[in-house]
Amino acid sequence: MDSRVEKFQATCADYTSFSKRVGRVMHYFVAEFLGLEPDSVDGSFSPKRISSLIEFCDSNPEYHIISSQGFVLYNKYIPDSNFYFIGDGDSDHNLTFDLTSRLSINNFLQVGHAKFAPVTENMKNRQKA
């Protein structure tokens with residue numbers, strides 16, 4: 001197996017572990033159920049919504065803010081981040097996840113495309129049948 005594929009798989013596994021540990025709310029409908037309105041189906045919030053997230057977390061201390069800057073997720077609020085999530089798991093502020101810790105972003109996207117393009121094509125072909 002290509003070492004890039006192994007690194008891609010390890011990065012994906014670490015991302016899943018990080019997300020589970022911090023309890024990242026990963027779906028639009030879950031956030032909506034909590035009374036929030038994410039900007040994306042993955043439950044992310046743009047910086048313009050940060051005041052509502054801070055207010056929500058102040059009122060619901062079991063939740064905390066997760067910040068995304070570039071390709072790094074921080075398990076804490078960082079002003080002027082690219083986007084934000086909420087989490088209800090481990091709130092340790094020292095937890096981070098760097099998507100580019102093993103592969104450059106170009107390699108990560110190339111391997112990801114090579115792995116998922118056949119799956120997407122298969123799904124498209126099934127719909128035509």
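Just so we're clear, the structure is a prediction, and the values are computed from it rather than from any experiment.
- Annotation for S81 and P47: closest pair O-CG, 3.2 Å, computed over non-hydrogen atoms.
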side-chain contact (heavy atoms from CB on, under 4.5 Å), that's the test. Do V22 and L73 meet it? Break it down for me. CA-CA 11 Å; V22 300; L73 289 172; over 6 Å; no
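- Residues I66 and V72 do not share a hydrophobic cluster, clusters being chains of Ile/Leu/Val/Met/Phe/Trp/Tyr side chains in contact below 4.5 Å.
- Linking Ile, Leu, Val, Met, Phe, Trp and Tyr residues whenever their side-chain heavy atoms come within less than 4.5 Å leaves F29 and M26 in two separate clusters.
- Counting only residues at least two apart or on different chains, no salt bridge (charged side-chain N to carboxylate O under 4.0 Å, His left out) pair has a member in residues 58-77.
- Cluster membership check: L95 does not share its hydrophobic cluster with Y74, using side-chain heavy-atom separations under 4.5 Å among Ile, Leu, Val, Met, Phe, Trp and Tyr.
- Pairs passing the ring-ring contact (aromatic ring centres under 6.0 Å, His included) check and including a residue from residues 30-49, sequence neighbours excluded, do not occur.
- L53 and F85 fall into different hydrophobic clusters, where Ile, Leu, Val, Met, Phe, Trp and Tyr residues are linked whenever their side-chain heavy atoms come under 4.5 Å apart, directly or through other members.
- Taking 4.5 Å as the limit, every side-chain heavy atom of S52 sits out of range of all side-chain heavy atoms of I54.
- Here CG of N82 is found 5.5 Å from OG of S68. Values are rounded to the nearest 0.5 Å.
- The side chain to side chain donor-acceptor pair (under 3.5 Å) pairs that include a residue from residues 30-46 are D39-S46, D39-R49, S40-D42, D42-S44, where partners are two or more places apart or lie in different chains.
- Considering only residues two or more places apart in sequence or on other chains, Y84 meets the ring pair (Phe, Tyr, Trp, His ring centres under 6.0 Å) condition with Y77.
- Taking the ring pair (Phe, Tyr, Trp, His ring centres under 6.0 Å) definition, one finds that Y28 meets it with nothing, sequence neighbours left out.
- The structure places CZ of R24 at 3.5 Å from OH of Y15, a figure rounded to the nearest 0.5 Å.
- Residues H64 and I86 have side chains not in contact (no heavy-atom distance under 4.5 Å, counting atoms from C-beta outward).
- Placement of V30 and L36 within a single hydrophobic cluster is found when ILVMFWY residues are connected by side-chain heavy-atom separations under 4.5 Å, directly or transitively.
- Atom-to-atom distance recorded for L99:CG and D14:CG is 10.5 Å, nearest 0.5 angstrom.
- Side chains of H93 and N75: no donor on one and acceptor on the other come within 3.5 Å.
- A distance of 15.0 Å separates OG1 of T16 from CZ of R21, quoted to the nearest 0.5 Å.
- Partners of F56 according to the ring pair (Phe, Tyr, Trp, His ring centres under 6.0 Å) rule, which considers only residues two or more places apart in sequence or in another chain, are Y63.
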